[in-house]
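Data block below; observations after.
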Amino acid sequence: LLNFQYIQKCEEPSLAEAACAMMNIAAYLDPDDIPVELVNKGNPCVNQSPLAEYAQSPLGSKQIFEVLTKFSLLQRYGINSWSIHRLVQEVIISCSSDVERVEYLQSASRMLYFAFSNTTNPREVLQERNEQPSSGRLLLWGKLARQ
């Protein structure tokens, strides 16, 4: 919780708000190997307006990750993914009100929906007759489905 307070004192208040919102949403995702594609505006758009603004661009998403990794709330898991400690998730969830839980779960669902709708799905891969489908083309889809 101290790290959240440091983030809130960030030089750029809207970035701090976006990073805190993303951290709260991450509390409801699978903690390991969270794809960077999950930092998006959502479909329909998430209710946290600073997050929606930052998440529209790769630079904004990178800024959110930088803030959260700087304070060790997130860790890089791979080239295009990150992780959150399970204990951090539990603390965030236990400190959230019922209204906040609903809001963050709804945002997580919207972000997942947006990510799925902008990713090659298994049906498209299997219907391509001229190419050999490879597991690499379905890797992101599998990660998103695990969330």
S14 and Y54: CA distance, side-chain angles, deciding distance, side chain to side chain contact (heavy atoms under 4.5 Å, CB included) verdict: CA-CA 9 Å; S14 60; Y54 275 92; 3.3 Å; yes
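In the hydrophobic clustering of this structure, M111 groups with I93; members are Ile, Leu, Val, Met, Phe, Trp, Tyr whose side-chain heavy atoms approach within less than 4.5 Å, directly or through other members. The hydrophobic clustering, which links ILVMFWY residues whose side-chain heavy atoms are closer than 4.5 Å, places L51 and Y113 apart. Put simply, L105 and V39 are part of the same group of oily side chains (I, L, V, M, F, W, Y) that touch within less than 4.5 Å, one to the next. Residues F116 and F114 do not share a hydrophobic cluster, clusters being chains of Ile/Leu/Val/Met/Phe/Trp/Tyr side chains in contact below 4.5 Å.
For the atom pair OG (S107) and CG (N40), the distance works out to 10.5 Å, reported to the nearest 0.5 Å. Of the inter-residue distances, the one linking L74 atom CG with S83 atom OG reads 7.5 Å to the nearest 0.5 angstrom. The distance from the CG atom of L29 to the CG atom of L112 is 6.0 Å, given to the nearest 0.5 Å. Atom OG of S61 and atom CD of E37 lie 9.5 Å apart (nearest 0.5 Å). Rounding to the nearest 0.5 Å places CD of E100 at 11.0 Å from CD1 of I92. Here the straight-line distance linking atom OH of Y104 with atom CE of M22 works out to 11.5 Å at 0.5 Å rounding.
Counted within 6.0 Å of CD on Q75, heavy atoms from surrounding residues, nucleotides or ligands total 12 or fewer; the atom is thus considered open. Counting non-hydrogen atoms of other residues, nucleotides and ligands closer than 6.0 Å to CZ of F65 gives a total above 12.
Here the side chain of R101 pairs a donor or acceptor atom with the backbone of S96 at under 3.5 angstrom. No donor-acceptor distance shorter than 3.5 angstrom exists from the side chain of N118 to the backbone of A115, with no hydrogens or angles considered. Remark: the backbone N or O of C45 is paired with a side-chain donor or acceptor of R110 at under 3.5 angstrom. S81 places no side-chain N or O within 3.5 Å of a backbone atom of Y77 that could act as its donor or acceptor partner. Of the possible polar contacts, none joining the Q106 side chain to the N47 backbone as a donor-acceptor pair under 3.5 Å is found.
Residues H85 and P31 fail the side-chain proximity criterion, which asks for heavy atoms closer than 4.5 Å.
What you find for Q89 and A26 is that their closest heavy atoms are NE2-O, 3.0 Å. For the residue pair S94 and V91, the shortest heavy atom distance occurs at OG-O, 3.0 Å.
Every residue was checked against the salt bridge (Lys or Arg N to Asp or Glu O under 4.0 Å) condition with R76, not counting sequence neighbours, and none meets it.
Side-chain N/O atoms of Q63 and E12 include no donor and acceptor closer than 3.5 Å.
Between R86 and D30, no side-chain nitrogen of the basic residue sits less than 4.0 Å from a carboxylate oxygen of the acidic one, so the salt-bridge criterion is not met.
Put simply, the residue from V67, L73, I64 that forms a side chain to side chain contact (heavy atoms under 4.5 Å, CB included) with M23 is L73.
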